[in-house]
Trainee: 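This is the structure, below, for whatever I ask next.
Below, chains carry the letters A, B, ... as their sequence lines are ordered, and counting in each starts from 1.
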Amino acid sequence: MPDVVPIMRMGPDLLVTLQGDLDDRAVEQIEQEVTDQVARTSARAVLVDVSGLAVLDSFVARVLARLVSMVRLLGADATLVGISPAVAITLVELGVSLRHVNTALNAEQGMGRLRRLREGDASRWAGHDDRG
Amino acid sequence: MAVGDEPAHFRQMIDSIVDYEVIRLDEKGVISSWHPGAQLLTQYTAEEAIGKPVTLFYTEEDIVEGKADAELRAAAETGRYGTEGWRVRKDGSQFWASVVLTPIREPGGTVTGFVKVTADLTEQREQTLALRAGQQMLDGIADYEVIRLDSDGVVRSWNPGAVKLTGYVADEVVGRHVSMFYTEEDKRGAMAEREMASAARDGSLEVEGWRIRKDGTRFWANVVLSPILDDQGEVTGFVKVARDLTERREQEQLVQRQRDEILELSTPVIQVWDKVLILPLIGTLDSVRAARLTESLLERIAADQAEVVILDVSGVPAIDSGVARHLLKTVEAARLMGTASILSGIRPEIAQSMVHLGIELGGLRSCTSLKDALQLALRLVRAGADAADLAGRHA
């Protein structure tokens, strides 16, 4: 990991791009910087792009789940984007479900979903739910 | 040497012979001398043998045929007569004897007796027969190359199967190194030497590979190489059994290709709308097909950036817990990538059995018809309502 965690501000949202290998020190740094940024900018949502990670194993999966929990505690939504087919199969085989984590194919779709979610919140309050 | 010493020396010499029977017969074929070697061979003592006709050692059959007389006559006429045949010991057991009869003549030429030298060749005969049988057996094998190599890998024997397989006849091959059948690449890699070393170490080696015929064409050979060991356990050579598996290999490759094609056909992923894929499942799902299915579906999701996938199971005869587990894994993997799944075409009996099996659908949506599933998918994509919710929280 580079010394600076690339965090990009996109309107009310943050895009965090993770790259290379994650070791304990890097994980600590990411958690610190992401939580700092979310709190400082009052971000509505955080997109975490994992397509650049060298490995995505059960350790990294736990790290990501933890990061998502922290973001939620700070009042923002979190979405993981860029999980490849091979990684998805591996995670399922490992039994790592990341069950309560939102996912999206790419950053753009993730943004779209976050936006819809926000609009959906309003419609849900109005009683619309297509799950009927 | 004094003339008078001769009988004593002669006696000693004869008595010291134990591997042969050397006895004297008179001119009528009556035994007139005996020695320990003869007793060893026939089990008769001197008292029992001397004075008896030589037919004592003959089989009933040979006696009826008058073989003994005929042999003595032949010896008297030709000066030496050699023969092989079954002879009988005192206890009735038989041995394969090699017999040489030489007439003893007076100075005038009259035959006064015979010297009979007999050796027991039963064992040698067995070995010879066994060898001959072995050779005939090898010669009878036309579909396999069964050859012998010495410890350096030089070809020492050749059989018709080898001729048929390689096109070489024995004269062209025997005495040459076995590497002559290998490809240039294998020759450079000293493949023959490595195979022999491995066979010597492990007691046997089975390999498959390309070999070259006399006409330069190649064939896919299955080779079994076994070391020949001497009594001390040293490798003195190898037996090499080879056959042509070119056809089988081609068939296997064909079957594999066809299987791949069938798998490809049986897991078609169809894009029905922008960002909507349908995976129509047909027939029984085994683990190979199921794994292939997951793989091709996820790849298509990545390639098309599909937001919704419809898994249509109306063509699946039954869903057992294994298939259900696999479907749910596929759905889970798709969700991790950010894609929602809709199950369609569940029949009432499948719904019942799935619940009875304790299969949990989790947050997976299910529609009875493909039409409903498609409508739902389009609604999810176009209206964009609650898509993130669908893909994530309730899965």
Trainee: Are more than 12 heavy atoms, taken from residues, nucleotides or ligands other than Q253(B), located less than 6.0 Å from that residue's CD atom?
Mentor: yes

Trainee: Which region of A306(B), side chain (C-beta onward) or backbone (N, CA, C, O), has a non-hydrogen atom less than 4.5 Å from a non-hydrogen atom of chain A, or is it both or neither?
Mentor: backbone

Trainee: Is there a donor-acceptor pair closer than 3.5 Å between any side-chain N or O of R300(B) and the backbone N or O of V269(B)?
Mentor: yes

Trainee: Side chains of T17(A) and D49(A): is there a donor and an acceptor less than 3.5 Å apart?
Mentor: no

Trainee: Name the member of L297(B), T294(B), I301(B), L298(B) that forms the most heavy-atom pairs with chain A at distances under 4.5 Å.
Mentor: L298(B)

Trainee: Is it true that, when you exclude R44(A) itself, more than 12 heavy atoms of the residues, nucleotides or ligands shown sit nearer than 6.0 Å to its CZ?
Mentor: no

Trainee: Find the one option among L80(A), N106(A), V50(A) whose heavy-atom pairs under 4.5 Å with chain B are most numerous.
Mentor: N106(A)

Trainee: Using a 4.5 angstrom heavy-atom cutoff, name the option from I83(A), L105(A), V87(A), T90(A) with the most pairs to chain B.
Mentor: L105(A)

Trainee: Give a yes or no on whether E108(A) atom CD has more than 12 heavy-atom contacts from other residues, nucleotides or ligands under 6.0 Å away.
Mentor: no

Trainee: With only heavy atoms counted, which part of T79(A) is less than 4.5 Å from chain B, the side chain, the backbone, both or neither?
Mentor: neither

